[in-house]
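Just the heavy atoms: all of them, side chains too, but no hydrogens, waters or symmetry mates, feed the values below.
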There are 2 protein chains.
Amino acid sequence: MVGPKARQQDTLFVSSLEKGMRILEAFSEDKTEFGLADLVKVTGLEKSAAQRYANTLYELGYLEKNPETRRFRPSVKYLEMAYSYLWADYLAQLAMPRLIDLSRQTSQTINMAEPIGTDIIYVVRMPNHRTNFGASAIGRRVPALVASSGRVILSRQSDQAIRDAVSTWPTRQYTQRTTMDRGAILDNILMAREKGYCTTQGQVLPDEVNVAAPICSIDGIPVGAIHCSLPSIRWTIERAEEEIAPLVVEAAQSIVPSR
Amino acid sequence: MVGPKARQQDTLFVSSLEKGMRILEAFSEDKTEFGLADLVKVTGLEKSAAQRYANTLYELGYLEKNPETRRFRPSVKYLEMAYSYLWADYLAQLAMPRLIDLSRQTSQTINMAEPIGTDIIYVVRMPNHRTNFGASAIGRRVPALVASSGRVILSRQSDQAIRDAVSTWPTRQYTQRTTMDRGAILDNILMAREKGYCTTQGQVLPDEVNVAAPICSIDGIPVGAIHCSLPSIRWTIERAEEEIAPLVVEAAQSIVPSR
DNA sequence: GTACGCTGTATTACAATACAATACAAGATG
DNA sequence: CATCTTGTATTGTATTGTAATACAGCGTAC
């Protein structure tokens with residue numbers, strides 16, 4: 001990580017752009033609307049800076065402004081960026097037909113995730129039962145240690161990498177049942193390594209059973225995961241392992257990106 | 001529209017940020033990777049400017065860089081922005097459960113679109129049959145006059161607005177069957193107004209029949225549309241009108257945003 | 001083999017641009 | 001009605017981004 005001091009002296013780093021991106025990034029699941037004063041608090045910018053950058057993003061069409069409250073919100077331009085990304089994402093392109101098939105076969109919610117740092121991010125989501133919408137939107141990041149997708153991706157890495165991740169990567173308590181015991185997480189990952197898939201229950205959403213299988217490139221490096229999310233009212237882990245896991249594993253194995 | 005001259009004198013407009021966003025926006029369905037020289041061509045920036053802005057976005061994690069080819073591509077951060085937007089989009093939150101139901105009822109591809117200027121943009125996509133992935137990704141923009149969703153949104157506007165749109169808004173020939181005759185487009189819109197839904201065939205993708213219905217706010221303003229996409233090998237417009245249209249209309253009417 | 005064109009990278013001195021500090025207006029709050 | 005907090009607008013100043021340039025690596029052509 002490069003510190004702010006090093007960056008200030010780096011003539012190839014345009015700090016004005018960073019400040020603008022700070023504003024763009026301020027919006028999150030907690031806060032979807034900001035007045036100017038709020039932006040100052042969240043971004044740490046000066047009042048006049050926040051004013052200029054927010055105004056610029058507004059003129060460029062990235063932010064909308066409620067004329068009454070004068071608060072800013074992300075515009076639909078945020079979505080256009082997702083489109084640009086998806087076109088460039090070789091894995092998503094490759095996986096999509098298989099995900100559609102899997103969705104039809106199982107009639108359950110199917111997701112595809114990719115690793116990013118210590119998190120995973122959902123790239124494709126195909127909901128099949130009503131659930132919290134926000135939780136099932138594209139682009140969501142979840143700590144890899146918590147999500148079944150993250151764990152199953154880890155399970156294909158070296159012992160050393162797994163141990164490092166389990167002991168140092170962040171976790172977060174999403175539900176009452178979210179496992180905060182790192183030993184238990186390690187066990188779950190090692191189990192996933194043996195079985196070829198990872199099962200979890202209630203880690204991110206309270207009433208869900210999850211089954212995840214890794215997508216590996218031709219040289220065996222895990223580059224993503226497919227995961228199936230089942231309502232725990234009707235599914236036990238055991239039944240999921242029997243009926244769903246083989247399908248998820250098969251779909252994941254049929255996707256072999258060359259890079 | 002504010003011209004560049006006016007902007008240069010506007011002290012509230014940070015042109016450095018605009019240049020950075022130009023780089024971010026350079027990536028599209030046609031071009032998913034850019035070297036520095038390509039960026040210069042596409043964005044119109046000076047070489048050194050392109051260098052600094054691309055480098056900044058790289059350090060901030062928005063762009064990835066292929067170490068061999070030294071070309072830039074959008075990173076998964078593009079997707080995170082979609083997440084921020086979807087959390088803030090009241091209509092998407094509201095519609096999601098109904099879209100899931102509709103997807104299960106019909107077993108067909110269901111989309112939700114919102115108007116943006118003279119285009120519509122796909123906000124929710126639930127594919128149910130194999131298709132060109134890129135064409136079915138979130139965030140895609142299509143001219144409103146071409147897409148069934150766009151036409152059905154227009155059909156709920158005033159005569160004057162419809163006539164203005166049909167005569168001045170842009171169209172684009174996506175397939176051989178895409179209607180470029182504006183008179184025919186007007187007829188289709190007026191038909192949609194009568195029926196309450198809009199049907200089209202092969203406008204955006206060659207082998208597709210589409211049925212779209214408008215989502216209107218409590219005061220009758222069209223704010224979006226649901227559309228169902230059917231493979232034309234197995235569906236005629238007539239059969240779609242009989243079996244699918246009532247379901248789509250019902251779903252759309254059950255969504256009544258208060259703002 | 002070397003000369004050339006094309007990349008991407010790195011370093012300058014300079015001035016244009018973003019800056020902080022203001023002052024003002026308009027609601028909200030007490 | 002007084003006061004606080006919000007968003008808006010202006011200005012002189014220097015910080016910051018700038019264009020120009022030089023360099024290195026690579027492939028192509030002669």
Side-chain angles (χ1 to χ4, degrees), chain A residues 2-27 31-60 62-75, chain B residues 2-27 31-60 62-75:
Chain A
V2 182
K5 279 179 189 170
R7 274 185 177 164
Q8 276 178 13
Q9 292 175 3
D10 182 354
T11 59
L12 291 182
F13 188 82
V14 181
S15 51
S16 294
L17 179 50
E18 182 194 24
K19 289 175 198 155
M21 300 316 282
R22 284 249 256 329
I23 303 251
L24 266 195
E25 288 179 17
F27 302 89
K31 286 285 183 183
T32 60
E33 268 200 13
F34 285 110
L36 204 47
D38 306 314
L39 278 176
V40 170
K41 281 178 204 151
V42 172
T43 60
L45 297 175
E46 293 289 329
K47 181 184 175 184
S48 64
Q51 179 190 185
R52 271 175 290 112
Y53 286 103
N55 179 263
T56 303
L57 290 171
Y58 169 67
E59 287 197 40
L60 292 176
Y62 283 88
L63 298 181
E64 283 171 4
K65 196 190 214 165
N66 184 324
E68 291 171 24
T69 66
R70 291 165 178 183
R71 294 163 75 86
F72 293 100
R73 2 177 317 150
S75 88
Chain B
V2 181
K5 281 180 189 170
R7 272 185 179 163
Q8 276 177 13
Q9 293 177 2
D10 183 354
T11 59
L12 291 181
F13 188 82
V14 181
S15 52
S16 295
L17 179 51
E18 183 196 22
K19 289 175 197 155
M21 300 316 281
R22 282 232 214 106
I23 302 254
L24 266 195
E25 287 179 17
F27 303 90
K31 285 283 182 187
T32 60
E33 269 201 12
F34 284 112
L36 203 47
D38 306 314
L39 278 176
V40 170
K41 281 178 207 152
V42 172
T43 61
L45 297 176
E46 293 289 327
K47 182 184 176 184
S48 64
Q51 179 189 186
R52 275 176 287 111
Y53 286 103
N55 178 264
T56 304
L57 290 170
Y58 170 67
E59 287 197 39
L60 293 176
Y62 282 88
L63 298 182
E64 283 170 7
K65 195 194 217 163
N66 184 324
E68 291 169 25
T69 66
R70 292 167 178 180
R71 293 162 77 85
F72 295 99
R73 2 177 315 149
S75 88

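- Between A:L63 and A:F27 there is a side-chain heavy-atom pair separated by less than 4.5 Å.
- Toward the 5′ end of DNA chain C lies the nearest nucleotide of B:K47, the other residue of the pair B:K47 and A:A49 mapping further downstream.
- Atom CG of B:D10 and atom P of D:dT11 are 13 Å apart (whole Å).
- B:Y58 carries B:K65 over the face of its six-membered ring, with the cationic atom under 6.0 Å from the centre and within 45° of the normal.
- Checking the phosphate oxygens (OP1, OP2) of C:dA18, a side-chain nitrogen or oxygen of B:S15 falls inside 4.0 Å.
- Going from atom CG of B:L39 over to atom P of C:dT7 covers 12 Å, rounded to whole Å.
- Computed from coordinates, the A:K41 NZ to D:dT6 C1' distance equals 11 Å when rounded to whole Å.
- Ranked by how close their nearest DNA chain D nucleotide is to the 5' end, A:L17 and A:L36 are led by A:L36.
- Here C:dG27 presents its P atom at 17 Å from CZ of A:R71, a figure rounded to the nearest Å.
- At whole-Å resolution of the value, CG in A:L12 and P in C:dT11 are 8 Å apart.
- Distances shorter than 4.0 Å separate none of the side-chain N or O atoms of A:R70 from OP1 or OP2 on D:dT6.
- The base of C:dA20 sits with one of its N or O atoms less than 3.5 Å from a complementary donor or acceptor on the side chain of A:S48.
- For the pair B:E59 CD and C:dA10 P, the interatomic distance rounds to 11 Å; values are reported in whole Å.
- Checking A:D38 against B:R52, the closest nucleotide of DNA chain D that is more toward the 5' end is the one next to A:D38.
- Phosphate proximity of D:dT10 to B:T11: absent, as no side-chain N or O sits under 4.0 Å from OP1 or OP2.
- In this structure, A:Y53 reaches the C:dC19 phosphate: one of its side-chain N or O atoms is under 4.0 Å from OP1 or OP2.
- Scanning both residues, A:R52 and B:T11, for their nearest heavy atoms gives CD-O, 3.2 Å.
- Distance CD (B:E18) to C1' (C:dA16): 16 Å, rounded to an integer number of Å.
- Atoms CZ (B:F72) and C1' (C:dG8) sit 9 Å apart, rounded to a whole Å.
- The backbone N or O of A:R22 lies less than 3.5 Å from no partner atom in the side chain of A:T43, so there is not a single donor-acceptor pair.
- The shortest side-chain heavy-atom distance between B:T56 and B:I23 does not fall under the 4.5 Å cut-off.
- For A:K65, a side-chain nitrogen or oxygen approaches OP1 or OP2 of D:dT8 to under 4.0 Å.
- Dashed line: the shortest gap from a side-chain N or O of A:K19 to OP1 or OP2 of C:dC19 is under 4.0 Å.
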